[in-house]
Every structure is written in structure tokens, then in C-alpha cells.
Amino acid sequence: TIPPAANDRARKELRADGLVKNNTERAATVEEKRLAAQRAADEAKAKEARAEQERKDKALLSTYADLKDFDRVRDRALGNIESEIRNLTERESILAKIVAGQPATTDDLAKLASPANAPAAPSPAPAPGTSPAAGAAKAPPPAPAKPAAPKSANALLLEAKSELPRVTELLTRKRRDRADLATLYAAERIRLANLIDAENARLAAATAASAAASKSAAATSPTPVRK
């Protein structure tokens with residue numbers, strides 16, 4: 001019988017002839033158990049990260065035919081946010097001019113009439129293989145908006161003072177978004193280029209192996225005897 005105090009110790013059980021019948025390792029300490037659990041958690045996390053990266057890699061390869069296709073999508077996305085930044089920068093400049101007491105031109109007031117960061121509504125795309133004229137009938141042009149009553153200089157000043165901080169904050173956020181988006185696209189482009197190179201190398205190796213196997217089979221096949 002094993003004493004309770006020896007349960008956690010390494011031990012060997014011997015048979016009657018002196019040979020080892022059973023070999024028991026010592027029990028792990030609390031610290032060893034903690035480290036083992038930490039290693040298991042780290043391995044599970046790394047496995048999950050690899051699976052997620054593989055999913056993203058497959059999505060990249062299935063989304064973009066080549067780097068030129070990727071560049072077109074990137075340029076369009078960055079172009080959209082840069083257009084918003086230009087509009088907001090111009091709006092901020094007009095508002096700052098009004099707050100500084102400088103007179104606003106008619107063109108300035110017309111630009112302020114549109115809400116900040118309001119994108120133009122996109123026109124519906126025609127069906128594939130048809131021209132825009134072949135689609136549904138064109139809707140009648142909207143009725144011209146009634147001109148708004150001119151605002152007093154004091155009212156313009158109060159509105160400009162209220163809106164300027166919001167526009168400045170929005171502009172700062174858009175610039176940060178643009179920088180983050182550019183960084184993301186740069187990293188994704190490098191990843192896509194590496195994936196395309198690896199895929200091309202794999203296909204080239206498979207083609208070479210297939211050609212070598214066909215050549216070897218042709219060399220070892222018996223020559224038919226002509227009777």
C-alpha cells in the first residue's frame with residue numbers, strides 16, 4: 001500500500017522477480033500545471049489566428065484577379081474619402097472666413113447650403129449588356145428648389161461659430177481614417193503580391209512535375225513490335 005504522503009511522488013512498482021511492473025511519474029506542481037495550461041491556451045490562440053489568416057488569404061485571392069484589380073479598388077476607396085476631405089477643407093475655410101468677419105461670397109453661401117459631408121446620391125447603374133437609355137424610363141427632373149431667404153450677417157456669424165468646431169472635428173477624423181485606410185491597403189497589397197507569387201510557383205511546380213511524369217512514362221513504355 002502506497003502511503004498518502006507518497007501519492008504525488010515518482011515511484012516504481014516491482015514484480016516478485018525484481019523487474020519493473022509499473023512506473024509512475026511524479027505529479028505536476030501547481031506552477032507546472034499553470035504553465036501547461038498557458039501553453040495550451042497559447043497554442044489554441046495561435047491555431048485560431050492561422051485559420052483566420054488562411055480565411056483572409058483565400059478571400060484576397062478570390063476577390064482580386066491581380067494587383068491591377070486591387071489597385072483600382074484601392075484608388076477608388078481612397079479617392080472617395082479624399083473627395084470628402086477636400087469638401088470639408090473648403091467648408092472649414094469658408095466658415096473660418098465668416099467667423100473672422102470677412103464677407104462671404106454668393107458661391108460661398110451656395111456651398112454652405114449643402115450639409116457637411118453629404119455625398120451625392122449615386123445614379124442607378126444600367127443592367128449588364130444594356131446602355132443607360134435601354135433601362136427604365138427616366139424620371140422627370142426634380143422641381144427647382146425655392147431660393148432660401150437671405151440670412152443676416154449676424155445669423156451667418158452665429159451659425160458659422162456653431163458649425164466650425166464640428167466641421168474641424170469631422171475633418172480631423174476623416175484625415176485619420178484616410179491614413180488608416182492607406183496603411184491597411186498597403187499591407188494587404190504586399191500580402192496579395194506574396195500570395196500570387198506563391199500560387200504561381202505552386203502551379204509552375206505542378207506543371208513541371210506533370211510534364212516530367214509524362215516524359216518518364218513515355219520513356220519507359222515498351223515500343224510496339226511491328227509484325
Side-chain angles (χ1 to χ4, degrees), residues 52 55-57 59-193 195:
E52 177 64 14
R55 185 193 66 78
K56 290 181 178 180
D57 291 347
L60 267 179
L61 287 172
S62 62
T63 302
Y64 304 105
D66 50 34
L67 290 178
K68 290 182 179 179
D69 188 25
F70 179 92
D71 290 343
R72 282 192 294 270
V73 174
R74 176 203 60 197
D75 293 346
R76 183 165 62 247
L78 292 178
N80 289 340
I81 196 169
E82 285 167 358
S83 177
E84 294 180 15
I85 290 173
R86 284 193 299 270
N87 292 338
L88 286 170
T89 301
E90 185 177 33
R91 189 178 191 91
E92 183 187 45
S93 176
I94 296 172
L95 292 171
K97 183 170 68 172
I98 294 174
V99 169
Q102 301 175 21
T105 65
T106 303
D107 187 47
D108 290 340
L109 297 178
K111 291 174 180 177
L112 290 180
S114 301
N117 201 32
S123 57
T130 63
S131 64
K138 293 183 179 179
K146 295 181 180 180
K151 297 178 180 179
S152 66
N154 189 47
L156 280 175
L157 178 60
L158 291 176
E159 290 182 2
K161 285 183 176 180
S162 174
E163 185 182 357
L164 181 57
R166 295 196 300 270
V167 171
T168 299
E169 180 183 359
L170 181 58
L171 182 56
T172 300
R173 188 165 67 247
K174 287 292 181 180
R175 285 171 175 159
R176 184 170 58 246
D177 291 346
R178 197 271 178 207
D180 292 343
L181 189 61
T183 300
L184 176 62
Y185 271 118
E188 291 288 271
R189 193 182 193 281
I190 292 173
R191 183 69 181 174
L192 179 60
L195 290 172

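The model shown is predicted, which means the values in this text are computed figures rather than measured ones. The analysis underlying the following values was restricted to heavy atoms, covering all of them including side chains, and did not include hydrogens, waters or symmetry mates.
- Taking all atoms of both residues into account, the shortest heavy-atom contact from Leu78 to Ala182 is CD2-N, 4.0 Å.
- The shortest non-hydrogen separation linking Tyr64 to Leu192 is CB-CD2, 3.9 Å.
- Looking at Thr168 and Leu88, their side chains never come closer than 4.5 Å, going by heavy atoms from C-beta outward.
- In this structure, Ile94 CD1 and Gln102 CD are separated by 12.0 Å, a value rounded to the nearest 0.5 Å.
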message: Could you go through Arg166 and Leu95, starting from their C-alpha distance and side-chain angles, then the distance that decides it, and tell me whether this counts as side-chain contact (heavy atoms from CB on, under 4.5 Å)?
response: CA-CA 11 Å; Arg166 295 196 300 270; Leu95 292 171; over 6 Å; no
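- Leu195 has its side chain out of reach of Lys56: every pair of non-hydrogen atoms, C-beta onward, lies at least 4.5 Å apart.
- Between the side chain of Thr183 and the main chain of Ala179, a donor-acceptor pair closer than 3.5 Å is present.
- Between Asp180 and Arg176 there is no salt bridge, since no side-chain nitrogen of the basic residue lies less than 4.0 Å from a carboxylate oxygen of the acidic one.
- Without hydrogens or angle criteria, Thr63 side chain to Leu60 main chain gives no donor-acceptor distance under 3.5 Å.
- Distance check, rounded to the nearest 0.5 Å: CD of Glu188 to CZ of Arg74 gives 12.5 Å.
- Between Arg91 and Glu163 there is a salt bridge, since at least one side-chain N of the basic residue sits less than 4.0 Å from a carboxylate O of the acidic one.
- In this structure, OH on Tyr185 lies 15.0 Å from CD1 on Ile190, to the nearest 0.5 angstrom.
- With respect to the salt-bridge test (charged N to carboxylate O, under 4.0 angstrom), the residues Lys174 and Asp177 do not qualify.
- Here the rule is side chain to side chain contact (heavy atoms under 4.5 Å, CB included) with Leu164, and of Glu159, Glu92, Glu169 only Glu92 fits it.
- Looking only at atom types and distance, the side chain of Asp108 has a donor-acceptor partner in the side chain of Thr105 under 3.5 Å away.
- A salt bridge is absent between Lys68 and Asp71; no separation between the charged side-chain nitrogens and carboxylate oxygens falls under 4.0 Å.
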Please evaluate residues Val73 and Arg76 with respect to the criterion side-chain contact (heavy atoms from CB on, under 4.5 Å), reporting the C-alpha separation (whole Å), side-chain torsions for both, the decisive distance (0.1 Å), and the verdict.
CA-CA 5 Å; Val73 174; Arg76 183 165 62 247; 3.9 Å; yes
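- Summarising the geometry, atom CG belonging to Asn80 is positioned 11.0 Å from atom CD1 belonging to Ile85; distances are rounded to the nearest 0.5 Å.
- In this structure, OG on Ser62 lies 10.5 Å from CG on Asp57, to the nearest 0.5 angstrom.
- Taking CG of Leu156 as the start and CG of Leu109 as the end, the distance is 6.0 Å to the nearest 0.5 Å.
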